[in-house]
Amino acid sequence: MTLTSSIAWLKRAQTEGFGMGAFNANTLEQMQAIAMAAEAEQAPVIIQISGNAAQHIGVGNRIVGLRLVAAMGRVVAETASVPVILHLDHGRESEVLQALALGFTSVMFDGSELPFEENIARTRELCETAHSMGAAFEAGFGEVGRAGVPGMEEGELTDPSRVAEFAARTMPDALAIAIGSVHALKRKEVSLDFALLDAIRAVVEAPLVLHGSSGVLDDSICEGIRRGLCKINVATQLNGAFTRSIREYLTAHPDDVDPRKYLGPAREAMMEQVRERMRMFGVSGRAA
Ligand code: G3H
Ligand code: ZN
């Protein structure tokens, strides 16, 4: 299949009450792990690359990174029998434009650090650009904190009194909200703020997105999906499975030097973790 837009899938997730899994990749093996899991589960899938991951893949040049990812993503989708969406996660303005030009089928602009009016103006313009190219657009309102980054650990919950205006004036296909999760937690310890989720859901029509799901308790994620979360972002949990596998292999085989020996099992381990998340989100079998 060619790369697919996520617009119809997000609407379907909203109507039918399941969560589209959006899985972050930092390497070719991780992209493959996500696609292999989707194939095995017969699930539509969002493979997402953050601006920071593009910087790593492009050896410091984010645009080169995006070009490499676009090429790999195209082939990954073409060799899959299930719908694959290629999404730019947490993009800057220049990265959003470049990703669209390169054929990404979905982009996120993260303007959470901007003042309200400027965030609206930039978000709206980029949303229109994405739509003119047939791509889906994710906006964000509120700031999900980030563990381990001094000054960013706290974040800022989505303001329920302003979110309706933000959504109405930007018209995104999906809206990322901050309801208590924190990026990059290595253990599941956080519960979501359901009163806040309900308040947002009551005034926003766009499908809602959960960032930082790795640190959120599974019951809380499931309840969140029941209450209207439609796209669930997962990164740290997958990196954990991938890296644990490599650590175990190298501890058991300290003299091996062939990267295929440990990257192969790491890809399998991450695939299993993605499959488990897909089943939990209720997206397995939806592409069948
Ligand atoms: O944008 C990516 C996600 O929000 C992933 O967060 O690493 O806590 O799962 P996570
Ligand atoms: Zn995120």
Side-chain angles (χ1 to χ4, degrees), residues 6 10 19-27 30-31 33-34 37 45-57 62 65-66 69 85-92 95-96 99 104 106-113 123 136-149 152-158 172-192 197 207-218 220-222 224-225 229-244 270 273-278 280-281 283:
S6 57
L10 289 167
M20 282 291 289
F23 304 100
N24 285 73
N26 300 291
T27 70
Q30 291 193 322
M31 286 182 85
I34 298 163
V45 70
I46 300 173
I47 299 178
Q48 55 186 19
I49 312 291
S50 67
N52 289 339
Q55 173 150 354
H56 164 75
I57 293 167
R62 289 174 176 235
L66 290 175
V69 167
I85 293 125
L86 185 63
H87 176 74
L88 172 69
D89 184 34
H90 293 286
R92 300 171 181 169
E95 292 158 5
V96 167
F104 279 59
S106 178
V107 288
M108 177 202 185
F109 172 62
D110 186 355
S112 51
E113 286 169 12
T123 299
F137 185 85
E138 178 180 329
F141 193 62
E143 199 177 345
V144 174
R146 190 166 289 277
V149 184
M152 288 183 67
E153 310 221 347
E154 287 286 297
E156 193 180 336
L157 293 179
T158 298
D173 303 295
L175 182 68
I177 53 173
I179 52 171
S181 59
V182 178
H183 282 114
L185 288 175
K186 292 182 198 148
R187 267 175 298 280
K188 293 198 161 286
E189 57 195 74
V190 172
S191 291
L192 299 175
L197 173 56
L208 301 176
V209 183
L210 176 68
H211 281 246
S213 79
S214 293
V216 180
L217 295 160
D218 282 351
S220 206
I221 294 176
C222 292
I225 292 171
L229 293 173
C230 301
K231 173 175 178 271
I232 312 294
N233 287 6
V234 196
T236 305
Q237 198 171 347
L238 309 182
N239 288 335
F242 191 81
T243 304
R244 257 192 314 279
M270 180 162 148
Q273 181 68 90
V274 174
R275 290 188 68 176
E276 182 270 337
R277 292 289 93 183
M278 286 174 156
M280 203 188 90
F281 300 161
V283 70

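Whatever order the structure lists ligands and atoms in, that order sets their numbers, starting from 1.
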Close approach of Ser213 to ligand 1, heavy atoms, under 4.0 angstrom: yes
Report yes or no: do Ser112 and Asp110 form a side-chain donor-acceptor pair below 3.5 Å? yes
Backbone N/O of Gly65 and side chain of Gln55: donor-acceptor pair under 3.5 Å: no
I want to confirm something. Looking only at heavy atoms, which of Ala176, Gly240, Ser214 is nearest to atom 9 (O) of ligand 1? Ser214
Atom indices of ligand 1 within 4.0 angstrom of His211 heavy atoms, with elements: 1 (O), 4 (O)
Classify the contact between Asn24 and ligand 1 as side chain, backbone, both or neither, using a heavy-atom distance cut-off of under 4.0 Å. side chain
Identity and separation of the nearest protein heavy atom to atom 4 (O) of ligand 1: Gly212 N, 2.8 Å
Atom indices of ligand 1 within 4.0 angstrom of His90 heavy atoms, with elements: 1 (O)
Side chains of Asn239 and Gln30 only: does a donor on one sit below 3.5 Å from an acceptor on the other? yes
Here the atoms of ligand 1 under 4.0 Å from any heavy atom belonging to Thr236 are 7 (O), 8 (O), 9 (O), 10 (P)
Which N, O or S atom name in His211 marks its closest approach to the Zn ion (ligand 2)? ND1
Just by modelled atom types, is the Ser214 backbone N or O under 3.5 Å from a matching donor or acceptor in the Lys188 side chain? yes
Taking atom types as modelled, is there a side-chain donor on Asn233 or Asn24 under 3.5 Å from an acceptor on the other? no
Non-hydrogen atom of Gln237 closer than 4.0 Å to ligand 1: no
Decide whether an N or O pair under 3.5 Å exists between Ala235 and ligand 1. yes
shortest atom 8 (O) of ligand 1-to-protein heavy-atom contact is with Ala184 N, 2.9 Å
Please confirm whether the backbone N or O of Ile177 pairs with a side-chain atom of Thr158, one donor and one acceptor, at under 3.5 Å? no
Quick test: of every protein heavy atom, which one is nearest to atom 3 (C) of ligand 1, and how far off is it to 0.1 Å? Asn233 CB, 3.4 Å
Do the side chain of Ser106 and the main chain of Leu86 share a donor and acceptor less than 3.5 angstrom apart? no
Which one of Val234, Asp89, Asn52 has a non-hydrogen atom at the shortest distance from atom 2 (C) of ligand 1? Asp89
Would Glu138 and His211 count as having a side-chain donor-acceptor pair, cut-off 3.5 Å? yes
Any donor-acceptor pair under 3.5 Å linking the side chain of Thr236 with the backbone of Lys186? no
Looking at His183, the N, O or S atom sitting nearest the Zn ion (ligand 2) is NE2
